[in-house]
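Heads up, the thing below is written out as structure tokens.
Everything numeric in this text was worked out from a predicted model, so none of it was measured.
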Amino acid sequence: MKILIKNGRIIDPSQDIDGIGEVFIENGKIRETTIVQKRRSTEARKVKTSELSNFRTIDASGCIVIPGLVDMHTHLREPGFEYKETIKTGTKAAARGGFTAVCCMPNTNPVNDTIAVTEFIIKKALQEGSCTVYPIGAITKSQKSEELAELEALKRSGCVAFSDDGRPVTNSLIMRHALEYSKIFDVPIISHCEDLYLSEGGVMNEGFVSTILGLRGIPKAAEEIMVARDLALCQLTGGKLHIAHVSTKGSVDLIRQAKERGINVTAETCPHYFSLTDESLVSYDTNFKVNPPVRTEKDVEAIKQGLKDGTIDVIATDHAPHHIDDKTKEFDAAAFGISGLETAFSLGLQLVEQGILNLKQLIINMSVTPSVIMRIPKGTLSSGSDADIAIINLEHSFVVDSSRFLSKGKNSPFNGWSLKGTVEKTISMGKVHDWT
Ligand code: DOR
Ligand code: ZN
């Protein structure tokens with residue numbers, strides 16, 4: 001299958017490209033990306049005009065054409081929780097959101113702490129997936145913080161990183177060893193930073209609003225203590241540490257200082273941490289219940305500043321789909337998590353509208369940098385790379401209707417929000433997905 005995407009504004013930060021141009025796709029790979037204005041004055045297009053009739057043409061007028069988004073923090077729920085999401089539905093949701101690659105967290109059932117589970121995920125994704133899936137293996141067996149998983153075997157079978165996400169690694173010695181291995185294997189250790197003693201029983205941010213609502217709070221220190229610990233262990237070991245879902249100003253400050261001291265750390269936040277505050281919980285709507293919890297205006301501002309100055313490297317979704325029965329409960333009993341793949345880019349675009357990031361930076365945060373951190377060959381439109389592309393109309397607005405999500409998880413706090421930026425087409429390994 002040969003495809004030509006034309007008339008779109010191509011933005012590929014990996015090659016420092018921004019302009020109206022053409023992308024030629026052949027056999028699932030990018031054959032050529034050229035900027036039309038540049039070409040007239042300097043170089044000639046390599047694809048000959050006589051060949052053009054062999055290409056299916058996609059007219060991307062009025063749209064941006066960018067490297068497919070890469071989510072380094074997705075929960076696909078399979079195996080074990082197929083009633084919440086499957087590899088098939090989760091990757092459809094990813095494609096709908098402009099993502100062409102997702103890295104899936106190991107808190108499935110069984111946990112992805114064995115070669116068998118890793119191989120199952122990879123095989124299933126190849127058979128049924130709408131985008132590329134990279135498994136993340138567990139740091140500890142059954143995510144129990146008692147014993148390291150077989151990291152080397154997991155890496156050899158296809159895991160691109162390790163995390164006990166959903167839970168912290170409570171044992172600092174085990175975390176030390178994991179970081180030592182991360183240096184040897186050159187794979188990131190993704191840390192879910194939470195002091196379980198401090199957060200126990202908490203369901204939202206601890207502060208004024210939790211007091212008013214009578215809900216048990218999770219203090220910011222529950223996150224920051226573990227960020228500080230892991231930064232210290234990262235310094236000790238020289239390992240490759242990535243901090244997941246940063247939610248507080250204190251964490252941003254700690255990471256900024258650590259980077260200034262030359263510590264090998266990267267960090268992500270998620271759209272809900274720069275779009276929502278704990279005041280939104282006055283509705284007692286469990287769709288706002290997420291771990292770590294959404295915080296305060298001061299934290300939101302610090303997260304934005306952290307993205308602006310590069311302290312936070314990545315916007316990931318922490319796509320955490322849940323069945324309606326897990327959310328339609330009293331607040332204390334409802335599951336933590338937000339179904340995020342289908343709103344992430346548009347929420348990121350709000351940062352561009354607010355002047356916090358420019359479009360290029362947003363694409364770097366959502367495609368280029370996660371690919372670099374995970375060492376996966378994505379996030380570029382360069383010749384010879386996988387034909388992974390998102391075509392997005394930045395001006396089109398839409399009203400979020402989570403009942404129409406392709407994800408099984410309809411649990412979105414953004415339901416009813418009016419957002420800009422519609423994903424018109426996602427092309428994954430040369431295969432076109434659209435919804436018209
Ligand atoms: O809100 C969350 N949901 N936070 C996590 O750390 C885990 C996730 C899940 O798996 O549902
Ligand atoms: Zn997660």
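- Shown here is Lys92, whose NZ atom has no more than 12 heavy atoms of other residues, nucleotides or ligands within 6.0 Å.
- Tyr273 places a side-chain N or O within donor-acceptor distance of the main-chain N or O of Pro292, the cut-off being under 3.5 Å.
- When the options Glu301, Glu279, Glu223, Glu224 are evaluated for a salt bridge (charged side-chain N to carboxylate O under 4.0 Å, His left out) with Arg295, the one that passes is Glu223.
- Rounded to the nearest 0.5 angstrom, Asp388 CG and Ser367 OG are separated by 8.5 Å.
- Donor-acceptor pairing under 3.5 Å is lacking for the side chains of Glu85 and His75.
- Side-chain polar atoms of Ser412 and Asn415 form no donor-acceptor pair below 3.5 angstrom.
- Between the side chain of Asn358 and the backbone N or O of Gln361 there is at least one donor-acceptor pair closer than 3.5 Å.
- A donor-acceptor distance shorter than 3.5 angstrom exists from the side chain of Arg77 to the backbone of Pro321, with no hydrogens or angles considered.
- At distances below 3.5 Å, not a single donor-acceptor pair connects side-chain atoms of Asp71 with backbone N or O atoms of Ala316.
- Checked by atom type and distance alone, the side chain of Asn107 never pairs as donor or acceptor with a backbone atom of Gly166 at under 3.5 Å.
- Heavy atoms from other residues, nucleotides or ligands lying under 6.0 Å from NZ of Lys431 number 12 at most.
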Steps toward side-chain contact (heavy atoms from CB on, under 4.5 Å) verdict (Gln15, Leu381): CA-CA 8 Å; Gln15 303 183 84; Leu381 300 177; 4.2 Å; yes
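- Side-chain atoms of Thr33 and Glu22 form no donor-acceptor pair, as typed in the model, at a separation below 3.5 Å.
- Ser275 and Leu347 make their closest contact through OG-CD2, 4.0 Å (heavy atoms, listed as atom of the first residue, atom of the second, distance).
- No donor-acceptor pair under 3.5 Å is formed between the side chain of Lys240 and the backbone N or O of Leu179.
- Shown here is Lys144, whose NZ atom has no more than 12 heavy atoms of other residues, nucleotides or ligands within 6.0 Å.
- The environment of Ile324 atom CD1 is sparse: at most 12 non-hydrogen atoms of other residues, nucleotides or ligands sit within 6.0 angstrom.
- Within a 6.0 Å radius of CD in Glu26, other residues, nucleotides and ligands contribute more than 12 heavy atoms.
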Pair Lys420-Glu353, salt bridge (charged side-chain N to carboxylate O under 4.0 Å, His left out): steps then yes or no: CA-CA 10 Å; Lys420 268 187 165 177; Glu353 299 227 315; 3.5 Å; yes
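- Contact record, Phe55 with Val47: CE1-CG1, 4.1 Å, taken as the closest heavy-atom pair.
- Note that CG of Asp285 and CG of Asn411 are 10.0 Å apart. Values are rounded to the nearest 0.5 Å.
- For the residue pair Ser251 and Thr248, a side-chain donor N or O sits within less than 3.5 Å of a side-chain acceptor on the partner.
- Using modelled atom types and a 3.5 Å distance limit, the side chains of Thr380 and Ser14 yield a donor-acceptor pair.
- The line from CG of Asn287 to CG of Leu276 is 11.0 Å long, rounded to the nearest 0.5 Å.
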From CA spacing to verdict: salt bridge (charged side-chain N to carboxylate O under 4.0 Å, His left out), Asp434, Lys425: CA-CA 5 Å; Asp434 60 18; Lys425 287 185 172 55; 3.7 Å; yes
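- Lys29 has its side chain within reach of Asp386: a pair of non-hydrogen atoms, C-beta onward, lies under 4.5 Å apart.
- In plain terms, the two heavy atoms of Ile66 and Phe345 that are nearest each other are CD1-CE1, 4.3 Å.
- Ring geometry for Tyr83 versus His323: interplanar angle of 30 to 60°, hence tilted.
- Side-chain N/O atoms of His322 and Lys327 include no donor and acceptor closer than 3.5 Å.
- Within 6.0 Å of the OH atom in Tyr181, the count of heavy atoms belonging to other residues, nucleotides or ligands does not exceed 12.
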Salt bridge (charged side-chain N to carboxylate O under 4.0 Å, His left out) between Asp16 and Lys360, worked out: CA-CA 9 Å; Asp16 209 12; Lys360 180 180 171 186; 3.1 Å; yes
Residue pair Ile243, Ile255: steps toward the side-chain contact (heavy atoms from CB on, under 4.5 Å) verdict: CA-CA 9 Å; Ile243 308 286; Ile255 294 162; 4.2 Å; yes
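- No cation-pi contact links Lys410 to Phe405, judged by a cut-off of 6.0 Å to the six-membered ring centre and 45° from its axis.
- For the 3.5 Å distance criterion, the side chains of His242 and Thr266 qualify, holding a donor opposite an acceptor.
- Taken to the nearest 0.5 Å, the CD atom of Glu260 stands 7.5 Å off from the CZ atom of Arg256.
- The heavy-atom pair separating Gln143 from Ala138 by the smallest distance is CG-CB, 4.2 Å.
- Looking at Met374 and Ile190, their side chains come closer than 4.5 Å, going by heavy atoms from C-beta outward.
- Within 6.0 Å of NZ on Lys88 lie no more than 12 heavy atoms contributed by other residues, nucleotides or ligands.
- A distance-only check finds a donor-acceptor pair linking the side chain of Asn112 to the backbone of Thr118 [under 3.5 Å].
- With respect to Glu78 and Lys124, a salt bridge is recorded, a charged nitrogen being found less than 4.0 Å from a carboxylate O.
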Evaluation steps, side-chain contact (heavy atoms from CB on, under 4.5 Å), between Ile391 and Val423: CA-CA 6 Å; Ile391 302 176; Val423 179; over 6 Å; no
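- Taking the six-membered ring for Trp and thresholds of 30 and 60 degrees, His245 and His73 have ring planes inclined between 30 and 60 degrees apart.
- Side-chain contact annotation: Ser199 with Glu194, donor-acceptor N/O pair under 3.5 Å present.
- Proximity of a side-chain donor or acceptor of Lys259 to a complementary backbone N or O of Thr311 within less than 3.5 Å is detected.
- Considering CD of Glu395 and OG of Ser397, their distance stands at 8.0 Å, rounded to 0.5 Å.
- Here the shortest heavy-atom pairing between Phe162 and Leu151 reads CZ-O, 3.2 Å.
- No side-chain N or O of Asn54 forms a donor-acceptor pair with one of Glu51 less than 3.5 Å apart.
- A cation-pi arrangement is absent between Lys304 and Phe274, since the terminal nitrogen or guanidinium carbon is not both under 6.0 Å from the aromatic centre and inside a 45° cone about the axis.
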Arg176 and Glu180: CA distance, side-chain angles, deciding distance, salt bridge (charged side-chain N to carboxylate O under 4.0 Å, His left out) verdict: CA-CA 6 Å; Arg176 174 192 184 161; Glu180 279 162 350; 3.0 Å; yes
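- Annotation: side chain of Asp318 is not in contact with side chain of Thr74 (no heavy-atom distance under 4.5 Å).
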Steps toward side-chain contact (heavy atoms from CB on, under 4.5 Å) verdict (Ile58, Leu4): CA-CA 6 Å; Ile58 293 174; Leu4 159 61; over 6 Å; no
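- In plain terms, the two heavy atoms of Val400 and Phe414 that are nearest each other are CB-O, 3.3 Å.
- Under 3.5 Å, the side chains of Asp313 and Thr369 contain no donor-acceptor pair of N or O atoms.
- To the nearest 0.5 Å, atoms CG (Leu406) and OG1 (Thr89) are separated by 9.0 Å.
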